[in-house]
Amino acid sequence: MQTDMPAEPARPESRRRQAAPQTLAIYGPTASGKSAVAGILRERLDAEVVSADSAALYAGIPILTAAPDYPARLVGLVPLSDDVSVGRYQRLAHEAIDEIHATGRTAIVVGGTGLYLRAALSDLELPPPPAPGERERWEAVYDELGAEGAHALLAEHDNAAAARVHANDRRRVVRALELAAAGSSLAPPADRLWAEDQRRPTLLVGIAGGDDDRIRRRVEHQLAAGVVDEARRAWAHPLSETARNVLGLEEFATLPPEEAAEAVIVATRKLARYQRKWLRRLPSAVTLAADRAPEEVADEILALAGTGKRLPRR
């Protein structure tokens with residue numbers, strides 16, 4: 001299991017193998033090969049990797065979350081009994097990136113959770129956490145009114161937020177009701193999510209990929225590596241709401257392996273389509289093809305880092 005790694009001591013500048021930006025961010029769909037590319041760049045740039053993946057934060061499920069086989073920060077850090085949030089992740093990510101830069105290294109931020117990537121790179125103004133008892137109160141309201149009733153209540157108090165959230169998304173409807181009651185909104189007027197401002201100079205690269213064949217091979221590899229036993233062990237212990245929503249955990253823990261695998265493949269395909277939409281909307285991103293060896297993708301990123309040029313989108 002990978003854990004949050006302490007900062008490695010800075011190496012002499014003469015040992016750095018390639019000029020690099022202060023921060024390199026790599027975003028791509030699940031099964032696009034981004035983690036492999038980041039691992040190669042970690043070696044070539046004498047860099048450290050920071051994960052931008054909500055599921056990878058959790059400890060105890062490295063097979064399910066495809067944890068990298070190299071040291072990476074914000075991987076395997078949080079117990080499955082804890083909820084995770086963008087706000088908590090942002091604080092951890094900023095600390096990790098700042099520590100890496102303090103050693104003179106490049107920080108490679110890599111992941112497939114678009115909001116987490118933006119949170120790591122920018123000072124997003126995130127909604128406040130709920131007051132004590134508010135989460136439970138609005139969960140009870142949702143359960144009493146039902147999905148459509150709770151969504152209608154949200155529309156009365158915050159129509160803009162209701163337009164963003166599906167009625168069946170219990171967690172987000174509850175969160176939007178919390179914020180509306182506190183005088184805030186899940187859809188603030190000044191939405192900076194797609195703004196180009198970044199905390200530090202960053203080269204942002206997208207890796208297009210995550211096709212059906214890669215997704216199926218990924219799930220088959222998880223099965224061979226023992227993901228069923230891993231998921232069942234995790235499922236037998238107390239789980240937070242966000243941990244229960246980790247893709248594949250419930251399926252591998254409760255379904256026959258073959259049935260679970262097919263369900264996870266279908267869900268991962270849906271996720272990859274959503275991630276590709278994020279990729280198209282990320283500002284200033286250079287998008288590279290993934291239909292080749294990760295070494296070739298890494299070479300192209302190194303060329304970008306060394307020249308500062310931007311390749312056209314593909």
Side-chain angles (χ1 to χ4, degrees), residues 21-30 32 34-35 37-38 41 47-58 65 72-75 77-78 83-101 106-129 160-161 164-165 169 171-172 175-176 179 184-210 242 245 247 271-288 301 304 310 313:
Q22 195 171 31
T23 302
L24 171 62
I26 303 175
Y27 178 80
T30 299
S32 61
K34 58 187 177 292
S35 294
V37 172
L41 292 171
E48 288 195 61
V49 173
V50 179
S51 171
D53 187 296
S54 56
L57 276 169
Y58 279 116
T65 60
R73 296 193 182 221
L74 307 191
V75 173
L77 180 65
V78 179
D83 277 311
V84 297
S85 67
V86 180
R88 180 180 181 183
Y89 169 79
Q90 184 176 61
R91 291 189 297 273
L92 293 170
H94 288 182
E95 290 173 3
I97 293 169
D98 291 347
E99 288 176 4
I100 293 167
H101 289 159
T106 293
I108 302 176
V109 182
V110 58
T113 306
L115 182 56
Y116 278 54
L117 184 81
R118 292 290 296 135
L121 301 179
S122 303
D123 285 313
L124 288 180
E125 296 179 7
L126 299 168
R164 289 188 171 201
V165 181
D169 191 339
R171 182 178 64 84
R172 296 193 72 209
R175 179 62 174 143
L179 293 171
S184 187
S185 176
L186 199 67
D191 190 345
R192 296 175 55 248
L193 181 58
W194 308 112
E196 297 193 24
D197 59 304
Q198 295 161 344
R199 295 178 69 238
R200 295 178 180 271
T202 301
L203 174 61
L204 179 56
V205 177
I207 300 180
T242 52
N245 290 329
L247 194 155
L271 173 63
R273 288 195 295 270
Y274 179 75
Q275 290 169 319
R276 284 192 285 269
K277 290 181 180 178
W278 263 89
L279 179 58
R280 289 194 292 269
R281 296 171 69 185
L282 283 175
S284 303
V286 180
T287 305
L288 306 180
I301 293 174
L304 287 169
R310 299 292 189 268
R313 289 179 178 269

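These values consider heavy atoms only, across backbone and side chains, with no hydrogens, waters or symmetry-generated copies.
Note: S54 OG to R88 CZ = 13.0 Å, rounded to the nearest 0.5 Å.
Using a 4.5 Å heavy-atom cutoff, the side chains of Q198 and T23 are not in contact. Using a 4.5 Å cut-off on side-chain heavy atoms (C-beta onward), Y27 and R118 make no contact. Using a 4.5 Å cut-off on side-chain heavy atoms (C-beta onward), W278 and T113 make no contact. Taking the side chain as every heavy atom from C-beta outward, E99 and R73 approach each other to under 4.5 Å. The side-chain heavy atoms of I100 and T106, taken from C-beta on, include no pair separated by under 4.5 Å. Side chains of L204 and L117 form a contact here, defined as non-hydrogen atoms less than 4.5 Å apart.
The nearest pair of heavy atoms linking I97 to A107 is CG2-CB, 4.2 Å. Contact detail for Q22 and P201: the closest heavy-atom pair is OE1-CD, 3.1 Å. In terms of heavy-atom proximity, T65 sits nearest to A55 at CG2-O, 3.5 Å. Of all heavy-atom pairs between A25 and T202, the closest is CB-CG2, 3.9 Å.
Not counting sequence neighbours, the partners of T30 by the side chain to side chain donor-acceptor pair (under 3.5 Å) test are Q275. With sequence neighbours excluded, the residues forming a side-chain contact (heavy atoms from CB on, under 4.5 Å) with R199 are H94, D98, D123, listed by chain and number. With sequence neighbours excluded, the residues forming a side-chain contact (heavy atoms from CB on, under 4.5 Å) with R172 are V165, D169, L186, listed by chain and number. Every residue meeting the side-chain contact (heavy atoms from CB on, under 4.5 Å) condition with S32, not counting sequence neighbours, appears here in chain and number order: P29, K34, I207. For R276, the side chain to side chain donor-acceptor pair (under 3.5 Å) test picks out no residue, with sequence neighbours left out. Residues passing the ring-ring contact (aromatic ring centres under 6.0 Å, His included) test with Y116 are Y89, sequence neighbours excluded. With sequence neighbours left out, A38 forms a side-chain contact (heavy atoms from CB on, under 4.5 Å) with I26, V49, Y70, I108, V110.
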- Residue pair L288, V37: steps toward the side chain to side chain contact (heavy atoms under 4.5 Å, CB included) verdict: CA-CA 12 Å; L288 306 180; V37 172; over 6 Å; no
- Task: Would you check, one step at a time, whether the test side chain to side chain contact (heavy atoms under 4.5 Å, CB included) holds for L304 with L203?
- Result: CA-CA 8 Å; L304 287 169; L203 174 61; 4.0 Å; yes
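Between the side chain of D53 and the backbone N or O of G111 there is no donor-acceptor pair closer than 3.5 Å.
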